[in-house]
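Comments concern the structure below.
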Amino acid sequence: MRGSLVLMSASPSSAVRLQRVDGTPVRVLVVDDESNLTELLSMALRYEGWEVRSAGTGTKAVRAAKEFQPDAVVLDMMLPDFDGLEVLRRMRADNESVPVLFLTARDAVEDRIAGLTAGGDDYVTKPFSLEEVVARLRALMRRTAVAADDASSLLVVGDLTMDEDSHEVTRGGDGIHLTATEFELLRYLMRNPKRVLSKAQILDRVWNYDFGGQANVVELYISYLRKKIDAGRAPMIHTMRGVGYVLKPAE
């Protein structure tokens, strides 16, 4: 194994199941040459009710992608025959829209940049939690519309509501117009009510890559949201100095 992996035990991310639009289980291809890791990931994903196939080399991964037609791929950057970027290129030749979540070493910043530049959709760094991988995959498949939850798309925090399908947002019954980025930021906050989220977490989840020293973009968009969500009302978005931001029902 390359380095030590400290993986948290998996728990069901939600009672709500993610499924294909035709009602069948979503399919995920896991590609990594570390068999212990692929077994753990596969177990966690099957626990979600998903259909899983794994591959330990780039060649097997490309073949499996053609046969299995996955809805998402978990892809390690380092493989014994050729790297994850080449696997991505070959898979996208057959399925140009399949979302890909890269696995990278924590210190391999160049790998993350290369993966996203080559068309990868997101990445997690080793070591990681199984819960994080599941959450990232759920977000990718919803975003690319290959799958949907078999339950209501409504998020509710206090008197603030968001319909994730129609993109309608209201507070106290009043409609609120948001830009695409404002919507994604509010959605992340509403999916984590009463939880303090750091700027780094928000950058990673909403913008999907590292802005480096430009973390002030979070402050900027938080200020935009406050003007639309909290203006003239009891505040819901709070700053925890030196820590991050939290959304909670107005007192």
Side-chain angles (χ1 to χ4, degrees), residues 1-8 10 26-46 48 50-144 146 200-212:
M1 294 177 66
R2 297 183 304 274
S4 60
L5 295 174
V6 181
L7 300 178
M8 297 167 58
V26 297
R27 300 175 181 175
V28 180
L29 174 62
V30 177
V31 184
D32 198 297
D33 64 326
E34 299 178 37
S35 59
N36 290 340
L37 177 57
T38 56
E39 288 175 10
L40 284 170
L41 281 171
S42 297
M43 180 177 64
L45 301 182
R46 290 190 180 101
E48 293 291 315
W50 302 347
E51 189 176 348
V52 183
R53 187 172 296 184
S54 61
T57 67
T59 302
K60 291 180 180 178
V62 174
R63 185 184 310 125
K66 290 182 179 179
E67 298 172 354
F68 189 49
Q69 291 296 302
D71 299 301
V73 179
V74 180
L75 178 59
D76 189 24
M77 288 291 291
M78 297 176 64
L79 295 168
D81 46 0
F82 46 86
D83 64 22
L85 298 181
E86 178 62 17
V87 175
L88 174 64
R89 187 188 69 78
R90 297 189 188 190
M91 286 195 302
R92 285 276 170 84
D94 293 311
N95 184 348
E96 62 182 18
S97 62
V98 62
V100 172
L101 175 68
F102 274 116
L103 304 179
T104 71
R106 182 170 295 280
D107 58 351
V109 176
E110 66 278 4
D111 283 350
R112 305 179 211 169
I113 296 172
L116 293 171
T117 302
D121 299 277
D122 202 353
Y123 66 85
V124 292
T125 54
K126 297 179 179 180
F128 51 79
S129 72
L130 297 178
E131 290 92 337
E132 180 181 13
V133 173
V134 170
R136 295 292 187 95
L137 286 172
R138 290 176 71 91
L140 283 180
M141 286 187 281
R142 286 191 63 121
R143 190 185 310 155
T144 53
V146 298
Q201 286 176 304
I202 294 172
L203 279 171
D204 193 42
R205 296 300 178 90
V206 177
W207 280 268
N208 295 319
Y209 59 91
D210 245 320
F211 267 76

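Values below: all heavy atoms of this structure, side chains included; hydrogens, waters and symmetry mates excluded. Along the sequence shown, the residues carry numbers beginning at 1.
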- For residues Leu103 and Met77, determine if any side-chain heavy atom of one lies less than 4.5 Å from a side-chain heavy atom of the other. no
- Interatomic distance, OG@Ser42 vs CG@Leu37, rounded to 0.5 Å, equals 9.0 Å
- Message: If you compare all heavy atoms of Val98 against all heavy atoms of Pro70, which two are closest, and at what distance to 0.1 Å?
- Response: CG2-O, 3.6 Å
- Item | Distance-minimising heavy-atom pair for Val87 and Ala61 | CG1-CB, 4.0 Å
- Message: Less than 4.5 Å apart, side chain to side chain, heavy atoms only: is that true for Lys66 and Met91?
- Response: no
- Message: To the nearest 0.5 Å, what is the distance between CG on Asp71 and CG on Leu140?
- Response: 12.0 Å
- Query: How far does CG of Leu41 sit from CG of Asn36, to the nearest 0.5 angstrom?
  - Reply: 11.0 Å
- Does Leu137 reach the side chain of Val28, with side-chain heavy atoms less than 4.5 Å apart? yes
- Message: Within this structure, what is the CG-CG distance for the pair Leu75 and Leu101, rounded to the nearest 0.5 Å?
- Response: 9.0 Å
- Item | Which residues share a side-chain contact (heavy atoms from CB on, under 4.5 Å) with Asp81, sequence neighbours left out | Thr57, Thr59, Leu79
- Are Asp32 and Lys126 side-chain neighbours, meaning at least one heavy-atom pair lies under 4.5 Å? yes
- Note on the structure: The complete set of salt bridge (Lys or Arg N to Asp or Glu O under 4.0 Å) pairs with one or both residues in residues 53-65, sequence neighbours excluded, reads Arg53-Glu67
- Can you find a pair of side-chain heavy atoms, one from Val30 and one from Leu45, that are under 4.5 Å apart? yes
- Message: When you compare the side chain of Asp76 with that of Phe102, does any pair of heavy atoms fall below 4.5 Å?
- Response: no
- Check against side-chain contact (heavy atoms from CB on, under 4.5 Å), Trp50 and Val134: CA-CA 11 Å; Trp50 302 347; Val134 170; 4.2 Å; yes
- Message: Nearest 0.5 angstrom please: Leu130 CG to Met43 CE, how far?
- Response: 7.0 Å
- Partner set under salt bridge (charged side-chain N to carboxylate O under 4.0 Å, His left out) for Glu86, not counting sequence neighbours: Arg89, Arg90
- Would you please name every residue forming a side-chain contact (heavy atoms from CB on, under 4.5 Å) with Glu51, sequence neighbours left out? Arg27, Phe68
- Message: Run Glu131 and Arg136 through salt bridge (charged side-chain N to carboxylate O under 4.0 Å, His left out) and show every step you take.
- Response: CA-CA 9 Å; Glu131 290 92 337; Arg136 295 292 187 95; over 6 Å; no
